[in-house]
Amino acid sequence: MLDALPSDLRDALQWRYAVKKMDPTKPVAEDKITAIKDAIQFAPTSSGTQPFKVLDVRNAELRAKLRGAAFDQSAITDSTTVLVFAAWDNYSDARLDDVVDHHANERPGTREALETYFGNLKGMYLPRDAQTNFEHAARQAYIALGFGMLTAAQLQVDTTPMEGFDPSAVDDILNLREQGLKSAVILAIGTRDAENDWLAPMKKVRKQEDVLFERID
């Protein structure tokens with residue numbers, strides 16, 4: 001099935017894997033990190049809300065603490081940077097009004113339509129409990145995560161996506177609660193240490209097409 005892909009995209013998907021061991025002596029060029037962040041910025045989200053913030057953590061002391069909160073995963077400290085995707089802890093009138101204001105300023109003449117549309121969203125979102133809304137916001141962050149990872153693969157930049165961490169501890173380390181945010185997922189960006197990474201020589205394994213997909217006509 002990969003033969004249907006453009007060759008550069010196919011090669012990128014075959015090349016990438018979730019790196020387990022990174023080489024801290026081989027930092028990723030800053031322009032490539034910027035490109036990955038650009039892809040994250042322009043990823044689609046539900047109603048264009050972008051209900052999350054991405055923290056680009058370079059500080060060594062903070063990253064050491066994050067490693068402790070991530071069950072000692074070495075990629076946290078051996079990567080060039082760690083992106084922490086922190087989703088809104090809830091939707092609110094103020095947050096959705098800010099989205100309306102931003103879109104209306106960028107697209108003059110659309111405020112009335114935006115206020116009607118987001119008024120309907122408020123009617124759906126605001127009565128829901130905070131956990132349901134956080135989970136919805138976190139799913140938007142995951143869309144952006146995917147765009148960032150694919151861009152990294154096309155640039156031959158290694159990444160490690162991580163859910164294996166204590167969210168409460170990460171929230172404390174990065175003072176996320178004070179910002180109305182909760183950590184959702186982490187992406188380490190760095191360079192593989194292929195000689196010392198047990199996963200590097202392994203064959204990529206995925207479900208067969210006929211197992212993964214079902215066509216319904």
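- Counting non-hydrogen atoms of neighbouring residues, nucleotides and ligands closer than 6.0 angstrom, the CZ atom of R107 reaches no more than 12 such neighbours.
- L121 has its side chain out of reach of L126: every pair of non-hydrogen atoms, C-beta onward, lies at least 4.5 Å apart.
- Exactly one residue among V19, D158, D78, D23 makes a side chain to side chain contact (heavy atoms under 4.5 Å, CB included) with D193. That residue is D23.
- A donor-acceptor contact under 3.5 angstrom links the side chains of S79 and R63, judged on distance only.
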Taking distance alone, no hydrogens or angles, what donor-acceptor pairs closer than 3.5 Å link side-chain atoms of residues 164-174 to residues at least two apart or in another chain?
unit_1	atom_1	unit_2	atom_2	d
D166	OD1	S168	N	3.1
D166	OD1	A169	N	3.3
S168	OG	R177	NH2	2.8
D171	OD1	S183	N	2.8
D171	OD1	S183	OG	2.8
D172	OD1	R177	NH1	2.1

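- The minimum heavy-atom distance linking A75 with A188 is given by the pair O-CB, 3.8 Å.
- Note: I36 CD1 to L145 CG = 11.0 Å, rounded to the nearest 0.5 Å.
- Environment of CD in E112: sparse, with no more than 12 heavy atoms of neighbouring residues, nucleotides or ligands closer than 6.0 Å.
- Side-chain contacts under 4.5 Å among hydrophobic residues (ILVMFWY), followed directly or transitively, place W15 with no other residue at all.
- A 4.5 Å side-chain heavy-atom check between N105 and R111 finds at least one atom pair inside the cut-off.
- Taken to the nearest 0.5 Å, the CG atom of D101 stands 8.0 Å off from the CD atom of E115.
- For K207, the NZ atom sits in a loose shell: 12 or fewer heavy atoms of surrounding residues, nucleotides or ligands are nearer than 6.0 Å.
- Contact detail for N90 and R95: the closest heavy-atom pair is O-NH1, 2.8 Å.
- For the ring-ring contact (aromatic ring centres under 6.0 Å, His included) condition, the pairs that include at least one residue of residues 64-97, sequence neighbours left out, are W88-Y91, Y91-Y125, Y91-H136.
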